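Report on the structure given below.
A quick note: this is a predicted structure, and the numbers were derived from the prediction, not measured.
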Amino acid sequence: MSVDFKIKQAGAALFMLVGFAGAANAGSLDAPQIDPQPMVSSSGWEGYYAGARLGFGFAGDDEVGHRSAAGLLIASPGTLAMDGGLVGLRMGWRREKAYRNTSVVFGGELSYERGNLEDSFDKNGYEASSKLDNLWGMRFKVGGTTPSRETLFYGILGYARAEFDYEVAGATGAEVIDLDTNTDLGGYIVGLGVEHKLSDPLSVTAEWEFMEFGSTKLTDSAGAVTSATPKFQNFSIGLNYSF
């Protein structure tokens with residue numbers, strides 16, 4: 001075998017080796033790149049927020065009674081079942097703690113509402129009416145998010161202070177009551193809610209609450225007594241802006 005033939009064989013082998021190397025390198029450059037999955041992070045529930053809500057109060061229950069100045073029950077002519085719309089403003093602050101694939105969120109909120117929540121009756125010789133003028137609330141909310149951290153479910157516990165216009169007038173025999181007063185009553189709030197992020201600062205809410213204001217004795221100028229016992233449920237939707 002001649003020297004020239006061996007040189008030609010070596011050159012051909014070298015040429016093939018370079019070609020294979022180039023093809024392999026090109027293949028590695030052209031191979032599709034797989035991006036890592038993005039990490040799910042908190043959507044930012046912590047901090048201050050302010051918002052507004054529109055609600056409807058229903059299932060009111062306030063049994064009207066008439067007692068003498070000595071405390072004797074004279075009559076129970078009927079029940080005031082207040083209902084109607086409410087509109088209000090709120091502001092609050094909350095803290096967020098991440099745990100695995102969810103977050104625990106808790107905080108406090110202040111609110112003010114007005115509306116036409118009212119009822120009246122005229123029967124059994126008596127006229128009575130009750131109307132809510134102003135409603136202030138302090139709430140503590142605590143709950144957890146879905147794995148995406150975009151939706152928050154929570155419970156509500158709070159204190160409410162409401163101003164009511166209250167009227168009761170009527171008579172049974174010689175016993176008469178004629179009451180027309182404006183009274184402030186304190187009560188408690190319990191409820192459930194859900195809030196969903198529309199964007200980084202904006203979120204929408206839906207809440208159900210039950211409010212009860214205990215029993216407060218009201219006395220007219222002659223000493224006749226009735227007890228205000230308002231309570232009602234409220235369903236609302238709202239919009240929050242987080243800072």
Side-chain angles (χ1 to χ4, degrees), residues 43 45 47-64 79-94 105-121 128-146 150-167 182-199 201-216 228-243:
S43 54
W45 292 98
Y48 291 95
Y49 65 92
R53 73 177 195 166
L54 179 65
F56 183 77
F58 61 98
D61 185 5
D62 187 349
E63 185 176 351
V64 177
T79 299
L80 293 168
M82 292 189 302
D83 61 17
L86 290 169
V87 61
L89 301 173
R90 61 188 171 194
M91 63 180 299
W93 177 87
R94 50 196 169 196
V105 181
F106 57 91
E109 179 183 286
L110 300 175
S111 68
Y112 171 74
E113 295 171 85
R114 286 185 63 89
N116 62 347
L117 192 71
E118 58 186 329
D119 190 32
S120 63
F121 68 75
S129 67
S130 180
K131 181 180 184 299
L132 186 148
D133 283 336
N134 301 288
L135 176 63
W136 296 267
M138 294 186 298
R139 296 169 175 84
F140 176 74
K141 300 181 176 182
V142 59
T145 67
T146 58
E150 296 298 317
T151 303
L152 171 65
F153 294 91
Y154 53 89
I156 303 167
L157 181 63
Y159 173 79
R161 192 76 186 177
E163 182 180 349
F164 292 91
D165 288 331
Y166 207 82
E167 297 182 27
N182 182 276
T183 183
D184 287 331
L185 303 177
Y188 67 86
I189 307 170
V190 294
L192 298 170
V194 59
E195 185 169 355
H196 179 73
K197 289 277 190 179
L198 297 177
S199 63
L202 289 176
S203 57
V204 291
T205 65
E207 296 178 335
W208 165 84
E209 293 179 328
F210 174 75
M211 301 186 189
E212 182 171 357
F213 295 88
S215 178
T216 302
T229 59
K231 48 182 169 289
F232 60 89
Q233 300 181 52
N234 184 40
F235 177 78
S236 68
I237 57 174
L239 184 69
N240 283 341
Y241 184 90
S242 299
F243 300 97

### Query
If you look at every heavy atom in Leu89 and Ala52, which pair is closest and at what distance?
CD2-CB, 4.0 Å
#### Entry: Separation of Phe58 CZ from Asn234 CG (nearest 0.5 Å)
7.5 Å
### Where Tyr154 and Val194 come nearest, the two heavy atoms and their spacing
CE2-N, 3.7 Å
### Task
Examine distances only and state if a side-chain atom of Thr79 and a backbone atom of Asp61 form a donor-acceptor pair shorter than 3.5 Å.
no
### Query
Partners of Arg90 by salt bridge (charged side-chain N to carboxylate O under 4.0 Å, His left out), sequence neighbours excluded?
Glu207
### Query
Quick check: are there more than 12 heavy atoms from other residues, nucleotides or ligands sitting under 6.0 Å from OH of Tyr112?
yes
### Task
Taking all heavy atoms of Ala59 and all of Gln233, pick out the closest pair and write down the distance.
CB-NE2, 3.7 Å
### Query
Yes or no on side-chain contact (heavy atoms from CB on, under 4.5 Å) for Leu86 and Leu132, after CA distance, side-chain angles and deciding distance?
CA-CA 10 Å; Leu86 290 169; Leu132 186 148; 4.2 Å; yes
### Task
Determine, for Lys141 against Glu195, whether the closest basic-nitrogen to carboxylate-oxygen distance falls under 4.0 angstrom.
no
### Task
Begin with the C-alpha distance, continue with both residues' side-chain angles, and end with the deciding distance and a verdict on side-chain contact (heavy atoms from CB on, under 4.5 Å) for Glu209 and Ser236.
CA-CA 9 Å; Glu209 293 179 328; Ser236 68; 5.8 Å; no
### Query
Which atom names give the shortest non-hydrogen contact between Ala128 and Val64, and what distance separates them?
CB-CG2, 4.2 Å
### Query
Tyr241: what forms a side chain to side chain donor-acceptor pair (under 3.5 Å) with it, not counting sequence neighbours?
none
### Query
Which class fits the ring pair Phe213 and Phe164: parallel under 30°, tilted 30 to 60°, perpendicular over 60°?
perpendicular
#### Entry: Qualifying residues under side chain to side chain donor-acceptor pair (under 3.5 Å), relative to Thr229, sequence neighbours excluded
Asp62
### Task
Please report the shortest heavy-atom distance between Tyr49 and Gly108, naming the atom on each side.
OH-O, 4.2 Å
### Task
List in chain and number order the residues that pass side chain to side chain donor-acceptor pair (under 3.5 Å) with Thr146, two or more places apart in sequence or in another chain; answer none if no residue qualifies.
Ser148
### Task
Decide side-chain contact (heavy atoms from CB on, under 4.5 Å) for Phe235 and Phe56; before the verdict, give the C-alpha distance in whole Å, the side-chain angles of both, and the deciding distance to 0.1 Å.
CA-CA 5 Å; Phe235 177 78; Phe56 183 77; 5.7 Å; no
Would you be so kind as to tabulate the donor-acceptor pairs closer than 3.5 Å made by side chains of residues 182-191, with sequence neighbours excluded?
residue, atom, partner, partner atom, Å
Asn182, ND2, Asp133, OD2, 3.3
Asn182, ND2, Glu163, OE2, 3.2
Asn182, ND2, Asp165, OD1, 2.5
Tyr188, OH, Glu212, OE1, 2.8

### Message
To the nearest 0.5 Å, what is the distance between OG on Ser129 and CG on Leu80?
### Response
7.0 Å
#### Entry: Spacing of CG belonging to Leu202 relative to CG belonging to Asn240, to within rounding of 0.5 Å
9.0 Å
### Query
Is Leu239 atom CG crowded by more than 12 heavy atoms from other residues, nucleotides or ligands, each under 6.0 Å away?
yes
### Message
Would you compute the distance between atom CE of Met82 and atom OG of Ser120 and round it to the nearest 0.5 angstrom?
### Response
12.0 Å
### Message
Please determine whether a side-chain nitrogen of the Lys or Arg among Glu109 and Arg53 lies less than 4.0 Å from a carboxylate oxygen of the Asp or Glu.
### Response
no
### Message
Nearest 0.5 Å, please: how far is CH2 in Trp45 from CG in Leu152?
### Response
5.0 Å
### Under the side chain to side chain donor-acceptor pair (under 3.5 Å) test, residues paired with Ser111 that sit two or more places apart
Arg139
### Message
Can you tell me how far apart OG1 (Thr205) and NE2 (His196) are? Round to the nearest 0.5 Å.
### Response
12.5 Å
### Query
When you look at Tyr48 and Met91, which way does the side-chain contact (heavy atoms from CB on, under 4.5 Å) test go after all the steps?
CA-CA 8 Å; Tyr48 291 95; Met91 63 180 299; 5.7 Å; no
### Query
For the residue pair Phe140 and Phe106, what are the closest heavy atoms and their distance?
CZ-CB, 4.1 Å
